[in-house]
Amino acid sequence: MLQPSPVAPPADLGDILPGADFADAFALDAKEADLDALGAARRALEPMPPWIAGLLRMRDRIVRPLGLETVADLARTPGARCGIFPILSATPQRVVLGLDDRHLDFRIVIDTSACAPGGTHVTVTTLVKRHNLLGRAYLASIMPFHKLIVPSLLARVA
């Protein structure tokens, strides 16, 4: 599987974002055998492709008046990050990125495991916990973009 495919989210994600009410996942097999989760995350997110950066700038102009976090706000968040996202936890097999906001909390989980023949299976899971009507409306409005962006970013790992 050299192109990302939708898959069932991993079963062991319950403690990552308790109460999450949305989850999806995409996976692919990279040819590199010793690819760890942070390496896969950095390949996917750094640097952000120009078309996605443009969509994020447009998103920021729309959500700034609503008081939601922007890319500039994320850049001021202390701590390590991968691309624009804060790193919440990292092991060689799993990196968790994410943010909590007043409208929703989200996590991006990048998992890696060995696969045959001598490659690395990479799964990117998105978890969301919506808090209110704004969170539900926001997720609904970005979903068409999400379904394009995540596989496109994951394809960069291969």
Side-chain angles (χ1 to χ4, degrees), residues 1-57 59-60 63 68-101 103-130 138-139 142-143 145-158:
M1 153 181 20
L2 289 174
Q3 289 298 314
S5 299
V7 296
D12 64 344
L13 300 176
D15 293 341
I16 291 177
L17 186 60
D21 55 4
F22 171 84
D24 72 359
F26 295 87
L28 65 68
D29 293 337
K31 293 178 182 177
E32 187 176 339
D34 58 349
L35 182 62
D36 68 5
L38 186 56
R42 292 206 186 287
R43 279 190 193 174
L45 297 168
E46 297 175 352
M48 194 67 71
W51 70 274
I52 296 174
L55 286 173
L56 287 171
R57 284 190 299 276
R59 174 222 173 259
D60 286 353
V63 302
L68 302 182
E69 297 277 344
T70 65
V71 171
D73 295 328
L74 287 175
R76 290 189 293 273
T77 304
R81 70 178 88 296
C82 180
I84 63 171
F85 301 108
I87 298 173
L88 302 179
S89 66
T91 68
Q93 296 80 32
R94 174 173 282 170
V95 171
V96 179
L97 312 172
L99 183 71
D100 296 343
D101 205 347
H103 67 303
L104 58 76
D105 304 338
F106 75 91
R107 301 293 182 267
I108 302 167
V109 183
I110 299 94
D111 287 306
T112 57
S113 60
C115 69
T120 302
H121 185 73
V122 181
T123 304
V124 175
T125 305
T126 304
L127 300 170
V128 180
K129 179 179 179 181
R130 297 171 285 186
Y138 177 80
L139 185 62
I142 67 159
M143 192 51 55
F145 302 102
H146 170 82
K147 291 182 182 289
L148 292 172
I149 290 171
V150 176
S152 176
L153 291 173
L154 182 55
R156 295 164 41 127
V157 176

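- With sequence neighbours left out, the side chain to side chain donor-acceptor pair (under 3.5 Å) criterion links Asp60 to no other residue.
- For residues 148-158, no residue pair satisfies the salt bridge (charged side-chain N to carboxylate O under 4.0 Å, His left out) rule, not counting sequence neighbours.
- Under the rule for a side-chain contact (heavy atoms from CB on, under 4.5 Å), the partners of Leu35 that lie at least two apart in sequence or sit in another chain are Ala30, Glu32, Ala40, Arg43, Thr120, Val122, Val157.
- Taking NZ of Lys129 as the reference point, atom CG of Leu104 lies at 11.5 Å (rounded to 0.5 Å).
- In this structure a side-chain-to-backbone donor-acceptor pair under 3.5 Å is present from Arg81 to Leu74.
- Side chains of Leu153 and Leu45 form a contact here, defined as non-hydrogen atoms less than 4.5 Å apart.
- By the side chain to side chain donor-acceptor pair (under 3.5 Å) test, Asp111 pairs with Arg94, sequence neighbours left out.
- With sequence neighbours excluded, the residues that form a salt bridge (charged side-chain N to carboxylate O under 4.0 Å, His left out) with Asp100 are Arg107.
- Atom SG of residue Cys82 and atom CD1 of residue Ile110 lie 6.5 Å apart, to the nearest 0.5 angstrom.
- Residues satisfying the ring-ring contact (aromatic ring centres under 6.0 Å, His included) test with Phe22, not counting sequence neighbours, are none.
- Applying the ring-ring contact (aromatic ring centres under 6.0 Å, His included) test to pairs two or more places apart or on separate chains, those with a residue in residues 68-94 are Phe85-Phe106.
- The salt bridge (charged side-chain N to carboxylate O under 4.0 Å, His left out) contacts involving residues 17-27 comprise Asp21-Arg130, where partners must be two or more places apart or lie in separate chains.
- Remark: Ala25 pairs with Val7, Pro9, Thr123, Thr125 by the side-chain contact (heavy atoms from CB on, under 4.5 Å) rule, at least two apart or across chains.
- Evaluation of the salt bridge (charged side-chain N to carboxylate O under 4.0 Å, His left out) test over residues 46-56, restricted to residues two or more places apart or in two chains, returns Arg42-Glu46.
- Of all heavy-atom pairs spanning Pro151 and Phe26, the tightest one is CG-CE2, 3.6 Å.
- For Leu55, the side-chain contact (heavy atoms from CB on, under 4.5 Å) partners at least two apart in sequence or on another chain are Trp51, Met58, Phe145, Ile149.
- Rounding to the nearest 0.5 Å places CZ of Arg59 at 14.0 Å from CD1 of Ile52.
- How far CE of Met48 is from CD1 of Ile84: 4.5 Å, rounded to the nearest 0.5 Å.
- Residue Asp73 holds its CG atom at 9.0 Å from CG of Leu99, rounded to the nearest 0.5 Å.
- In this structure, the side-chain contact (heavy atoms from CB on, under 4.5 Å) partners of Ala80, at least two apart in sequence or on a different chain, are Ile87.
- Residues Ala155 and Leu28 come closest through the heavy atom pair CA-CD2, 3.9 Å.
- You'll find the side chain of Leu68 reaches within 4.5 Å of the side chain of His103, heavy atoms only.
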